[in-house]
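Keep in mind the model is a prediction, meaning the values are calculated, not measured.
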Amino acid sequence: MPDLRVCFVGDSFVAGVGDPEHRGWVGRLCERSEGAGLPLTAYGLGVRRQTSTDVLARWHAECSPRLAAGEDRRVVVSFGVNDTTVEAGSPRVEAEASRAALATVLDGVARAGWSGMVVGPPPIDDAAQNRRIATLDRSFADLCASRGTPYAAVFGALVDCPVWSREVAEGDGAHPGAAGYQRFADLVWPVWSAWTGVHDHR
C-alpha cells in the first residue's frame, strides 16, 4: 500500500469552521477515500481569516516537516474568500495579488517535488462579495488550467445549492454546517478521485 501524505493548506473552510461534527470537507473527503480503499495521512492546516498572502507566508514551513518522508507527498491549496472581504474600502487582497500568491505556492510545491491540487473558494451570504469570489474563482481556474494543475471549482454549484445557502445564512453568514460541508466534499471528490486514482461506486 502506498504511503500517501497530504497537507490541506488554507483558510477557515479548510479548517471546517461551522461544522458541528468537526470534519468539514477535508475530513469527509479523507473518510470517503479510506472507505474506497485509499488510506492516507491527512494534515489539516486551515487558519481562520487567512488570505492567500497569509497562506503563502507559512505554507512551506508547515508542509515541509509533514512531507519529509513518504512515497507519495501532496499539497491541496484552498483560499480566496478572505481576500475578497472589503476592509477600509478595498479588498483585503487584490485579485491580481491573490492569483500571484497561488502561482507562487504552486511553484514551490513543484520545486519541492510534491504534487499540487487547488480547491476553489465557495460562496457566502453576501451577493456583492460573491461577485468578487466568482471572479477570483475563474482566475484561479484559468491559472490552474494553464499549468495543468487539478482544480476543483465549487462556487458555481454551491451558490445555487439550497442546503448550502440555508446553513450559511443560519450560521455566521460564511460557513455552513454538516450538510453543506458534505456537499462541498462531494463537489471536490471527482477532481480528487482523478488526481489520487481512488474510486468508489456512489
- Query: Heavy atoms, side chains only, cut-off 4.5 Å: are Val14 and Val9 in contact?
  - Reply: no
- Task: State which residues pass side-chain contact (heavy atoms from CB on, under 4.5 Å) with Arg49; sequence neighbours excluded, sorted by chain then number.
- Result: Glu87, Arg92
- Can you name the side-chain contact (heavy atoms from CB on, under 4.5 Å) partners of Ala134, sequence neighbours left out? Arg138, Phe155
- Between Trp25 and Phe184, what is the ring plane arrangement, given parallel below 30°, perpendicular above 60°, and tilted in between? parallel
Enumerate the residue pairs fulfilling salt bridge (Lys or Arg N to Asp or Glu O under 4.0 Å) with a member in [range], sequence neighbours excluded, ordered by first and then second residue.
range	value
residues 116-132	none
residues 101-122	Asp107-Arg147
residues 68-83	Asp72-Arg74

- Rounded to the nearest 0.5 Å, what separation is found between the CG atom of Leu143 and the CG atom of Leu106? 6.5 Å
- Note on the structure: The complete set of ring pair (Phe, Tyr, Trp, His ring centres under 6.0 Å) pairs with one or both residues in residues 84-108, sequence neighbours excluded, reads none
- Task: May I ask you to say whether Asp186 pairs ionically with Arg32, meaning some side-chain N is under 4.0 Å from a carboxylate O?
- Result: yes
- Item | Ring centre gap for Phe8 and Trp192 strictly below 6.0 Å | yes
- Message: Between Leu40 and Cys30, does the side-chain contact (heavy atoms from CB on, under 4.5 Å) criterion hold? Intermediate values first, please.
- Response: CA-CA 8 Å; Leu40 71 155; Cys30 295; 4.0 Å; yes
